[in-house]
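I have placed the structure first, in the form of structure tokens, so that the comments after it can refer back to it.
Basis for what follows: all heavy atoms, side chains included, without hydrogens, waters or symmetry-related copies. Throughout, a chain's letter reflects where its sequence line sits, starting with A, and its residues are numbered from 1.
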There are 4 protein chains.
Amino acid sequence: MAQNQSAPDATRRSERSRRAIYDAALALVAEAGYPKTTIEGIAARAGVGKQTIYRWWPSKADVLLEAFLDMAERAAEAAGHVAHALPDTGDLAADLRAVLRATVDELRDPAFEAPSRALAAEGLVNQELGRRFVAQLLEPQLQLYADRLRSAQRAGDVRPEVDPRIALELFVSPLAQRWLQHTGPITYDYTDTLVDYALNGLAPR
Amino acid sequence: MAQNQSAPDATRRSERSRRAIYDAALALVAEAGYPKTTIEGIAARAGVGKQTIYRWWPSKADVLLEAFLDMAERAAEAAGHVAHALPDTGDLAADLRAVLRATVDELRDPAFEAPSRALAAEGLVNQELGRRFVAQLLEPQLQLYADRLRSAQRAGDVRPEVDPRIALELFVSPLAQRWLQHTGPITYDYTDTLVDYALNGLAPR
Amino acid sequence: MAQNQSAPDATRRSERSRRAIYDAALALVAEAGYPKTTIEGIAARAGVGKQTIYRWWPSKADVLLEAFLDMAERAAEAAGHVAHALPDTGDLAADLRAVLRATVDELRDPAFEAPSRALAAEGLVNQELGRRFVAQLLEPQLQLYADRLRSAQRAGDVRPEVDPRIALELFVSPLAQRWLQHTGPITYDYTDTLVDYALNGLAPR
Amino acid sequence: MAQNQSAPDATRRSERSRRAIYDAALALVAEAGYPKTTIEGIAARAGVGKQTIYRWWPSKADVLLEAFLDMAERAAEAAGHVAHALPDTGDLAADLRAVLRATVDELRDPAFEAPSRALAAEGLVNQELGRRFVAQLLEPQLQLYADRLRSAQRAGDVRPEVDPRIALELFVSPLAQRWLQHTGPITYDYTDTLVDYALNGLAPR
DNA sequence: GCCTAAGCGAGACGGTACGTCCTGTCTTCCT
DNA sequence: AGGAAGACAGGACGTACCGTCTCGCTTAGGC
């Protein structure tokens, strides 16, 4: 339970600075790219001392991760607290197609693209950050798919012995890889096709 | 008669230095990690002047990419020039399971892991390197799967209207994502399951 | 009716804190040296908030000057309120030799050395502090010598046209310089010799 | 004989940078004062990387000491290699008065004042620098006085048992102290008086 | 005896400079 | 002409203090 030897007092933390740092970090990553974004640059743009960043975050990547999570949270609030579950109209294929199309749109949003690419990249090479990236951003999303697939299993649209956590990767991972590694175009056609191929494999024979 | 200022004469290049640089780069990435690997460090370890690196490569990532390709080539030579095609016994499922199991083994080889993770990460954020990473490393591998799937289509084991380039992603991308992002365990069971789920979706109904 | 913004109420001042700050400042200067002594360090060691120092002193040097004056005062009290005048036995040479020998002893006291060197050094470069250092520490001492020389003039041991304020420098300044700049050893022999040479120049011919 | 573990190669040193650093250091000390002169500031003004300073000097004070010595050397060259000895006309009092008057002029030269005060101050508190300050700047000057006094002893103008190294302090140290600590005005009258008082004490009786 | 205004401890804050490390360029000397 | 070596201008790193500020908490007098 003991805290780090010199843990700062979070109750005295300046909300103003935190927001300014989030904004600066996201803006710089979008404008200059992640590698050219520096802690000094963030501090200068936020009108903040460097120490204020080092006091609360251990690294540039952590700043960006928090800034991104905050942005996502604010976006969710603005959109009216969506995303607690995938749509469930009873038509699994249609639901997945709709959600993946929405994801395609999101992946193309430049405000989303730069920071999430950067975080993904950093997470590949930085064990600890990768763990948090997955736990806080990726896995919650994936669980929504798993939930929808379980519902489909109950409805008899997916074979009962299928592991939903693996099954969802059949359409999510290909999209992720195309986006991350530019291994192919990302279109509605593409995601529709993925759903088509994958569901065929999951449906009762 | 004047040469372009930045056109070194490749015929005079020191093979000895190149090899030493490859070895140093791979060793440092494996030992210290990609971010802590520096050009100065590579030069020092290789017993080479910094300029010798800057003369022949534009960046740290390019050094590593070449070093990795060289390593792969040497490994292939040592193994007797395999990997021009996937096995084709006529049993698609068995062939895919075997190849993916071999891939699982490879992904766990530490000498392979550190540099390829690093390159993948750099490629996410560095457009130009990403392009080369995909073109020189990833896509050639994927084409082998596409070829095997086309053979299966001719044999009637896969529906003819299926696009092999997309179909292969059903089992390759999930494995890639699990490996890159640590989103789940990587086992023979897992890859076998992927093949099972995916081929069901691709087989004639 | 409004008070000046920066006029703390001295009647409410914490004597406890002042003493702790004096002690901490002197201890740190003695242990770590003046340049490594910081206001934060003094505050921490004194168990005091930084603001308590900034409220009452304008700079590190001022803290130390006050601490040193306080120490000197306490030392004087402990010794029974000496030092209002030099001894005057009628034998000028003997009196000066005795006083300078006592000064030599004092200059070698480590508790005295560190802070007074530091203050002298700061005073060289900091006009304002230098003025106070001279006015509050140095000049009062020098006036005692001037008084003794005037007494000697009345007794006919020093030529009447000699300026005592200048004459005293003949033996005081050499000692000061040797001590401050380590330009030579500081011994009883040395100060005795100074008195000898100097008084020869001041005595009636 | 062994050099420090990572001694830079002095033969490759950039003369251009050294000169620029000297100039910048002296200018900044004169303009802003020693405490406000920073290594970053010197580097920026000299158009030089910070590392170039840290490579060749261990501290700000060392830069300034070398710059000052260089300036003194250049001034000496410009004046035609003077200062190997004090004038010796046979009239000791006149010679000393003349030299001290010249010193008074020098002490008032602002280009000389700022850096030498700063070095003296630093030397008080920094053992090692103080040693070099005395050895390289102060003591050589003082030896000239000692030589002149020895010559006077041979001529019978100074008692033979007088120690010249101590005797010279009778007029040099008072001037030094007045200058360093602003304990009194510095005028020709003052130095003439010092010579008068002091020589009286040194002359044969 | 209660109230209020100050000093106080603590420490977060915007800054500046530190001394180190690495980048990419350059120059020198060697082969 | 390539290569080993490494100095150079530049710039970010993470740390240490600066002097200011804002918090609760004593701790007096003044009512």
Side-chain angles (χ1 to χ4, degrees), chain A residues 6 8-14 16-17 20 35-44 46-56 58-60, chain B residues 3 6 8-14 16-18 20 36-41 43-44 46-56 58-60, chain C residues 3 7-14 16-17 20 36-44 46-56 58-60, chain D residues 6 8-14 16-17 20 35-44 46-56 58-60:
Chain A
S6 55
D9 179 348
T11 67
R12 301 202 136 181
R13 185 166 181 182
S14 161
R16 201 176 166 288
S17 295
K36 290 196 179 174
T37 297
T38 65
I39 294 207
E40 288 205 338
I42 295 172
V48 138
K50 276 203 289 180
Q51 199 56 48
T52 299
I53 298 184
Y54 285 110
R55 179 150 39 227
W56 301 110
S59 75
K60 172 173 76 159
Chain B
Q3 284 294 104
S6 57
D9 180 347
T11 65
R12 296 197 147 208
R13 185 169 182 182
S14 160
R16 199 176 167 290
S17 294
R18 173 158 56 188
K36 290 196 179 174
T37 298
T38 64
I39 295 214
E40 288 205 337
V48 138
K50 278 202 293 179
Q51 197 56 47
T52 300
I53 298 183
Y54 284 110
R55 179 153 34 230
W56 301 109
S59 75
K60 171 174 78 160
Chain C
Q3 283 295 103
D9 179 348
T11 66
R12 298 192 140 208
R13 185 169 183 181
S14 160
R16 201 176 165 288
S17 295
K36 290 196 177 173
T37 298
T38 66
I39 294 213
E40 289 205 338
I42 296 171
V48 138
K50 279 202 291 178
Q51 195 59 241
T52 300
I53 297 183
Y54 284 110
R55 181 153 33 231
W56 301 110
S59 74
K60 171 172 79 160
Chain D
S6 56
D9 179 348
T11 66
R12 302 200 130 183
R13 183 166 185 183
S14 161
R16 201 175 166 288
S17 294
K36 291 197 178 173
T37 297
T38 65
I39 294 207
E40 289 205 335
I42 295 171
V48 138
K50 277 203 288 180
Q51 199 56 49
T52 299
I53 297 184
Y54 285 109
R55 181 151 37 229
W56 301 109
S59 75
K60 172 173 78 159

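What separates CD1 of D:I42 from P of F:dA9 is a distance of 14 Å, to the nearest Å. Across the protein-nucleic acid pair, B:I39 atom CD1 and F:dG6 atom P stand 18 Å apart, rounded to whole Å. Between D:K36 atom NZ and E:dT16 atom C1' there is a gap of 12 Å when expressed in whole angstrom units. C:I53 places its CD1 atom 14 Å from the C1' atom of E:dG7, with the value rounded to the nearest Å. Distance D:R55 CZ to E:dG19 C1': 14 Å, rounded to the nearest Å.
Residue A:P58 is the one, among A:P58 and C:T37, whose nearest nucleotide of DNA chain F lies closer to the 5' end (criterion: closest heavy atom). Along DNA chain F, the nucleotide closest to D:A10 and the one closest to B:G49 are compared, and the more 5′ of them pairs with B:G49. Positionally, the nearest nucleotide of DNA chain E for C:S17 lies more toward the 5' end than for the other of C:S17 and A:A46.
Remark: D:R13 qualifies as a cation-pi partner of D:W56 under the 6.0 Å distance and 45° angle criteria applied to the six-membered ring.
Set against E:dC13, E:dG7, E:dC8, the side chain of C:D9 has E:dG7 as its closest nucleotide. If you check E:dG19, E:dC22, E:dG9 against the side chain of B:E40, the one that comes closest is E:dC22. Side-chain proximity of D:W56 to F:dA7, F:dA12, E:dC13: nearest is F:dA7. Of the candidates F:dT15, F:dA4, E:dC13, the closest approach to any side-chain atom of A:Y54 belongs to F:dT15. Listed candidates were E:dC13, F:dG3, F:dA7. Nearest to the side chain of A:R13 is E:dC13. Checking F:dA9, F:dA7, E:dC18 against the side-chain heavy atoms of D:T38 singles out E:dC18 as nearest.
With sequence neighbours excluded, the residues that form a side chain to side chain contact (heavy atoms under 4.5 Å, CB included) with D:P35 are C:V125. Shown here are the side chain to side chain donor-acceptor pair (under 3.5 Å) partners of D:S14, two or more places apart in sequence or in another chain: D:S17. Under the rule for a side chain to side chain donor-acceptor pair (under 3.5 Å), A:Q51 has no partner lying at least two apart in sequence or in another chain. Looking at residues two or more places apart in sequence or on another chain, you find no side chain to side chain donor-acceptor pair (under 3.5 Å) involving B:T38. For B:A43, the side chain to side chain contact (heavy atoms under 4.5 Å, CB included) partners at least two apart in sequence or on another chain are B:V48, B:K50, B:I53.
Counting all heavy atoms, side chain and backbone alike, C:K60 lies closest to C:I39 at N-CD1, 3.9 Å.
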Table of protein N/O atoms under 3.5 Å from nucleotides 21-24 of chain F N/O atoms:
from, atom 1, to, atom 2, distance (Å)
F:dC21, N4, C:Q51, NE2, 2.2
F:dC23, N1, A:R12, NH2, 3.4
F:dC23, O2, A:R12, NH2, 2.4

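Among the heavy atoms of the strands, none lies under 4.0 Å from A:G41.
Contact annotation: B:T52 side-chain N/O to F:dA4 OP1/OP2 distance is under 4.0 Å.
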